[in-house]
Structure formats: structure tokens, C-alpha cells
Amino acid sequence: MQLPSHLTIQNGHLMSGSHDLVDLAGRFGTPLYVTNEDQILDNFERYESALSSCYPNVRLLFAAKANGNLAVLRALGRAGAGADVFSSGELMLALRAGMKPDRLLFNGSSKTTDDLRLAVETGIRVSVDSIDELNQLSRIASEQKKTVQIAFRVNPALEVPTHPKIATGLATTKFGIPAAEILSAYQAALDAPYVVPVGLHCHIGSQILDVEPFARAAAVMTKVAGEVTAIGVNLEFLDIGGGLGVPYHRSTDVAPTPEEYAQAVMPIFLDGIREIGISPEFWVEPGRWLLAESTVLLTKVNSVKRAYKTFANVDAGFNLLIRPAMYDSWHEVIMANKADQKGVEEVTIAGPICETGDLLAADRLLPAPVAGDLIAILDCGAYGFAMSSQYNGRPRCPEVMVKGDCAELIRRGETLDDLCVTMQVPSWQQE
């Protein structure tokens, strides 16, 4: 198995940078998410460089839904990233992390009036998903007498090779306005007081392992951009969305690089805007590619059961990493305290949740497990902790970030008392 570049094996232990993950588990406890900031920043620099070498006006908006930890957002913000936010909560996190309002885009298909009001108050650009939403936003902006800049999210009706639950550009999905109806949407925006259309937005899906769909999306977007420009819209940016996949099957997956993405997409974008006669910024929304490989989830073996198969029962379940249960997703696993030993037994990593589907990894060839062993689940930086829960009354685990020789908590673990902290006993039960 080819490890992510920040992971190595030394003296039989798995390392992240200079940090022994067995030592970190002993220091902070398990389960434990460990994120390498240097890996995140290297990935960001590579992605930005691949695009900006083709066109100078490039902006990367981190998909905040992938990982909303303040330390992650702050690291990316200091490197120059903005953020694609999908809720008032993600907007607040991005602002608290120090990201500037003009580097944020408020996305989403079902924004509340409070969401829209907050966007207007803070000066955030909004990706509008329907005419109904435009009318609500226009009313709020008029009430506040504040101008709001918008894009419309286009539904390009493109089939893409990914899991159907994360294909967002299909004609049948809940996202975006059909390309055939987009001109009337922009005309409505031009007629709305306090609303200024300045962008065009789409997103075709996530975990896509082929650059061709992105090239097709760029062709659709530049075609629509020409039509929109012709009716008097001054497009300041075209946002092509995110979705570049990563090689979760590290031995077999062939995942495109940012350089290959740029080679496929940028010529189409550049030819398109040249023909129209405009020079908008090129925006993308990477999340998974920036974050996934930066993070491991460390989980301790509570017990071993050799029955129908060998189960290593661990202290992390789908309450902390739901992707395998939700998407049948694959994550590579390695025994962090026996990282130099060969696999001798097929082992299924089973979590503590009261669900048959709580299996983090099935039938993996590992060293013979015993209670106390430490298993590292790889590529958990995107949609890992971000999708966690307290299901089965299990407090969420801590998160640690490492950078150089430093290792510090970036989120404390929850306690049993935290399970009740937002709950209230009704008056009739207080006798």
C-alpha cells in the first residue's frame, strides 16, 4: 500500500510527520482524529499552482462541509483560501477563522430567511438556487437597504461516475436551476432592487476520478456565461465547483491530479471566455482533495472475536466515521503499533454501535489482532468528524493537529455530561 506522503513507518510504528501515532494515542486517548497541517498546506499550494499557472485570476474556496474545524479553516484562510459555506453555522465558522467576507460564497438549495438575512448583513455573496429564493433575498436586501451580490447555481444535467448520493449535477437532483431556464433567472435578478448578479456557479458531484466530466461542465458554463453576458450581466467569476476525487483504494485507484484537472478544464474555460470577451475569476471548491489524506482516525481494539470471521472490536464506530456505513466507502487500515508486520489474518474492523452495519473495514489482511492494538484508518480528513454524531449516547472524540514538531488539541473530546448539555427537563417532570 502506498501511504500518504505525511505517513511513514519507524521502529514498527506509524508516524505522521515526526509524530509517533502510538504515542499520540497514549497521550490524548482513543478514538482520536490526527490531522497534519503541513499536508493540507502542501495540497493547497499544489492545487492553486496548477490552476494559476494557466490563468492568473484563480480563487480556491474550501468546501467547508468537508471539515469545519476552526484550525483547518484558519490554516487554509492564512494560505489564501476562501470558503464555500452551506449554512449560517459554516459561515460563522469561516468568519471566526479569519476568512474575509469577500472570499466566501453562501451555497445551498434550502436556505432559511435567517440564512439569507445573515448573508446580506455580513456582505457575503450568495449562490441562489431558485427564483423563490431570489425573491426572498431581494425582499430582505430591500428591507436592509443593502446591496447583495449573487450568482445562480446552474444545473448542467451531467451524468458523472460517482456514488449517486453525491452526484449533484444530474437533471434529477435538488440542486440548481436548469440551464435552459437560467436566462430568465438572471433577467429577474437584473430587475430586482439591491440585487447584483456577478457570478455563475455549478457543482457536478464529489469523489470523481475522471477529469472529463469537469471539462464538460466547463463547456456548459462558458456557453451559459456567453448567453448571460449578452443580456447585460457583468460576470466577475465563474465557479466550477469541486469534486476532484482521491484514491481511497490506494493500491488500485487512479485519481487525477490537480495538474491533470487544470490541463483538461482550463483550455476550455480560457477559449470560452476569450470568445465571449470577458475575463472573470476562475473559482473552484476543493474539499476532499485538500483534506482527506491529511488525517487518520486512531481506534483501539477492545476485544477480538473469532467466530464466522475474525472481528476486531474497536472503540470507534459509524458515530465517528459514517462513510463506510452510508456509502459503502473503502478506507485503508493499518495497525499503527505493528505497522512493519505482514498481514497474516483476514480481519473485519467492527465498531461499538448497536447496528449490524457498523463495520469500518471488512476482511482486511492484518497482523493477528489482540486487545490493545491500535488501528489507523486512513484518509479521514474529509467528511470524517464533520459527519459524526452522538448516536448510541457516545461522546465525540478529540481532534489533534500536528505541524512540524508540535501536536495540540484542536477539539477536546466530549464528556458524558456533554450529552445532556443542551437538553432540558420539562416543567411537569420537575416535581
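- Applying the side chain to side chain donor-acceptor pair (under 3.5 Å) test to every pair with at least one member in residues 88-104, sequence neighbours left out, gives these pairs: Ser88-Asp115.
- Residue pairs that meet the ring-ring contact (aromatic ring centres under 6.0 Å, His included) test with at least one member in residues 294-319, sequence neighbours left out, are Phe318-Tyr391.
- Cation-pi contact between Arg412 and Phe28: absent, since separation from the ring centre below 6.0 Å together with deviation from the ring axis within 45° is not met.
- The stretch residues 373-388 participates, sequence neighbours left out, in these side chain to side chain donor-acceptor pair (under 3.5 Å) pairs: Arg250-Asp379, Asn337-Asp373, Lys338-Asp373.
- Asp417 pairs by the side-chain hydrogen bond (donor to acceptor under 3.5 Å, both in side chains) definition with nothing, not counting sequence neighbours.
- Note on Asp315 versus Lys300: no salt bridge recorded, every NZ/NE/NH1/NH2 to OD/OE distance being 4.0 Å or above.
- Between Phe152 and His201, the distance separating the two ring centers is not shorter than 6.0 angstrom.
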Using atom types as modelled, flag every donor-acceptor pair under 3.5 Å from a side chain in residues 346-353 to any protein atom, sequence neighbours excluded.
{"residue": "Thr348", "atom": "OG1", "partner": "Asp363", "partner atom": "N", "Å": "3.1"}
{"residue": "Thr348", "atom": "OG1", "partner": "Asp363", "partner atom": "OD1", "Å": "3.4"}

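- Sorted pairs that involve residues 405-431 and meet ring-ring contact (aromatic ring centres under 6.0 Å, His included), not counting sequence neighbours, are lacking altogether.
- The side-chain tip of Arg364 points at the ring of Trp330 from less than 6.0 angstrom away and within 45° of straight on.
- Under the 4.0 Å criterion applied to side-chain N and carboxylate O atoms, Glu345 and Arg306 are assigned as salt-bridge partners.
- Here the two rings, on Phe237 and Trp283, have centers that are under 6.0 Å apart.
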